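Have a look at the structure below, then the notes.
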2 protein chains.
Amino acid sequence: MKRRNTVSRQEVLAALQSSDRALSHDMIQSEVSGIDRATIYRILNRFSEDGLVHKIIGDDGKQYFALCVNCEKGHHHHNHFHFRCRSCGKVECLREEVRVHLPPGYIPEAFNGVITGQCGACSSIPA
Amino acid sequence: MKRRNTVSRQEVLAALQSSDRALSHDMIQSEVSGIDRATIYRILNRFSEDGLVHKIIGDDGKQYFALCVNCEKGHHHHNHFHFRCRSCGKVECLREEVRVHLPPGYIPEAFNGVITGQCGACSSIPA
DNA sequence: GTAACTGCAAAATATTTGCATCCTT
DNA sequence: AAGGATGCAAATATTTTGCAGTTAC
C-alpha cells in the first residue's frame with residue numbers, strides 16, 4: 001500500500017521527533033493542530049506497520065509510540081526492551097545492554113517489555 | 001481491608017490454579033459458573049493487591065492474571081519477566097534466569113515484560 | 001450487626017471502523 | 001482520474017464504579 005505525504009503525517013512525525021520519550025495518543029493529539037483522533041491512530045498504526053516507530057504497550061495497558069533512533073529501520077518486531085524513567089518520563093531502547101538468560105531449550109522469539117526505574121541523569125540528582 | 005472467603009473467590013482461584021498459563025478475564029469468566037464480570041475483576045484486582053497473583057499486561061494490551069507458584073508470596077511488584085510459549089501457551093515466571101544489564105547509573109525498579117518464544121518442551125518437538 | 005461482597009446497570013477509557021468527501025500523485 | 005487520506009460519528013472492547021441488596025464472620 002502506497003503512503004502519501006500529507007500534512008497530518010508530517011505533523012505526527014514531527015511530534016514524535018520532538019521527544020525522546022514514547023508518546024501516547026493523547027500526548028500526540030495535544031501537540032498537533034486539529035487532526036482527528038481516528039486519523040492520528042491510523043497514521044500511528046501505519047508508521048508502526050512500516051517500521052518507522054515502535055508501538056509499545058505500557059504497564060497501564062495503553063499504546064505508546066516511539067521513534068526508535070538507535071534501532072535499525074524496519075525493525076518493528078522490536079526484539080529488545082525499553083526503559084522508562086519514573087522521574088523524567090524518558091523512554092529509551094535498551095538494544096545492546098539487555099542480556100536475557102533463559103533455561104536450556106528455551107528459544108526466545110520476541111521481547112516486549114518495559115523496565116521502569118530511574119535513568120542515569122535522574123539517579124544522580126539527590127532527592 | 002479484610003477479605004472474606006466467598007464462593008466466587010474460591011471459583012476464581014480454582015480457575016487460576018487449574019492452569020499454568022496467565023489467564024485473561026474472559027478465560028476465567030468461561031470457567032466459572034455465573035459470576036458477574038465486575039465481580040471477577042474485583043476479585044482479580046484484590047488477588048493482585050494481596051500478592052496472590054501477578055497482573056501482567058499482554059502485548060494485546062489486555063490484563064492477564066497468573067498464580068505465580070515459583071515466586072515468593074506478597075511479591076506483587078513482580079520484578080521479573082514472564083515467558084510465554086507461542087506453541088503451548090504456557091506462561092512461566094523467569095525469576096532467577098533473567099539478568100538485565102543496564103547502562104551505568106540506571107536504577108531498575110520494576111520489570112514488566114513478556115518474552116514470547118518456544119519453551120523447552122515445545123522446542124524439542126520437531127516441526 | 002457490620003463491613004465486605006455481589007449483581008446489575010451505567011460510566012469511563014481506549015481504539016477501531018464505516019462512510020462520504022477531500023486531496024495527493 | 002484514482003486511490004489513499006481525512007473527519008465525523010458510531011461501534012467495539014476492556015475495565016471500573018455507583019448503588020442497593022446479600023452474606024460472611
Side-chain angles (χ1 to χ4, degrees), chain A residues 1-16 19 21-66 76 78 82 84 89 91 112 114, chain B residues 1-16 21-66 76 78 82 84 91 112 114:
Chain A
M1 221 187 274
K2 279 251 182 65
R3 298 284 129 95
R4 288 182 182 177
N5 190 23
T6 64
V7 179
S8 302
R9 264 177 86 92
Q10 288 164 16
E11 287 196 42
V12 172
L13 188 59
L16 289 165
S19 165
R21 323 194 205 176
L23 302 177
S24 62
H25 165 268
D26 46 291
M27 291 162 162
I28 294 165
Q29 179 93 63
S30 68
E31 283 201 36
V32 298
S33 43
I35 310 177
D36 192 73
R37 223 170 349 145
T39 301
I40 295 179
Y41 273 114
R42 274 186 280 235
I43 289 172
L44 289 170
N45 282 329
R46 261 146 227 182
F47 281 171
S48 170
E49 288 160 22
D50 296 344
L52 245 113
V53 305
H54 293 310
K55 181 198 280 196
I56 68 181
I57 307 290
D59 20 359
D60 53 3
K62 284 168 59 180
Q63 300 177 164
Y64 288 80
F65 299 86
H76 70 281
H78 46 97
H82 293 88
R84 173 159 61 184
V91 172
N112 197 344
V114 181
Chain B
M1 220 187 272
K2 278 252 182 67
R3 299 283 127 95
R4 285 180 184 177
N5 189 24
T6 64
V7 179
S8 302
R9 264 176 86 92
Q10 288 165 17
E11 287 195 45
V12 172
L13 187 58
L16 290 165
R21 319 198 209 175
L23 302 177
S24 62
H25 164 268
D26 46 291
M27 293 163 160
I28 294 165
Q29 180 93 64
S30 68
E31 284 201 36
V32 298
S33 42
I35 310 177
D36 191 73
R37 222 170 348 140
T39 302
I40 294 178
Y41 272 114
R42 274 186 281 236
I43 289 172
L44 290 170
N45 281 329
R46 261 145 225 182
F47 280 171
S48 170
E49 289 161 20
D50 296 344
L52 246 113
V53 305
H54 292 310
K55 181 197 278 194
I56 67 182
I57 306 291
D59 19 357
D60 53 3
K62 285 167 58 178
Q63 301 178 162
Y64 288 80
F65 298 86
H76 71 280
H78 48 96
H82 293 88
R84 173 160 60 186
V91 172
N112 197 345
V114 181

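Proteins get letters first, then strands, A, B, ... in listed order; numbering begins at 1 in each. Because the structure is predicted, anything quoted here is derived from the model rather than measured. Just so it is clear, the values below take in all heavy atoms, side chains as well, and ignore hydrogens, waters and symmetry mates.
Pairs passing the salt bridge (Lys or Arg N to Asp or Glu O under 4.0 Å) check and including a residue from residues 28-41 of chain A, sequence neighbours excluded, do not occur.
A/Phe47 is linked by a ring-ring contact (aromatic ring centres under 6.0 Å, His included) to nothing, counting only residues two or more places apart in sequence or in another chain. With sequence neighbours excluded, the residues satisfying side-chain hydrogen bond (donor to acceptor under 3.5 Å, both in side chains) with A/Arg3 are A/Asp50. Partners of B/Ser30 according to the side-chain hydrogen bond (donor to acceptor under 3.5 Å, both in side chains) rule, which considers only residues two or more places apart in sequence or in another chain, do not exist here. Contacts of B/Asn45 classified as side-chain hydrogen bond (donor to acceptor under 3.5 Å, both in side chains), with partners at least two apart in sequence or in another chain: B/Lys55. Remark: A/Asp26 pairs with A/Lys62 by the salt bridge (Lys or Arg N to Asp or Glu O under 4.0 Å) rule, at least two apart or across chains.
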Look for any protein N or O under 3.5 Å of an N or O in nucleotides 18-20 of chain C and output each such pair with its distance, or none.
unit_1	atom_1	unit_2	atom_2	d
C/dG18	O6	A/Arg42	NH1	3.4

Collect all protein-nucleotide pairs involving nucleotides 22-25 of chain D in which both atoms are nitrogen or oxygen and the distance is under 3.5 Å.
unit_1	atom_1	unit_2	atom_2	d
D/dT23	O2	B/Arg4	NH1	3.3
D/dA24	N3	B/Arg4	NH1	3.0
D/dC25	OP1	B/Asn5	N	3.2

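B/Lys2 has its NZ atom 15 Å from the P atom of C/dT2, to the nearest Å. Counting to the nearest Å, the C1' atom of D/dT12 and the CZ atom of A/Arg37 are 13 Å from each other. The separation between B/Lys55 atom NZ and D/dT16 atom C1' is 10 Å, rounded to whole Å. Atom-to-atom, CG of A/Asn45 to C1' of D/dT6 comes out at 15 Å; the value is rounded to the nearest Å. Distance, B/Arg46 CZ to D/dT15 P: 17 Å, rounded to whole Å.
Two end axes, each from the C1' atoms of five base pairs, can be drawn for the helix from C/dG1-D/dC25 to C/dT25-D/dA1; they diverge by 30°, to 10 degrees.
Listed by residue number, B/Gly34 are the residues of residues 23-34 of chain B with a heavy-atom contact under 4.0 Å to DNA chain C.
Considering all non-hydrogen atoms of both residues, A/Ile43 and A/Ser8 come closest at CD1-CB, 3.6 Å.
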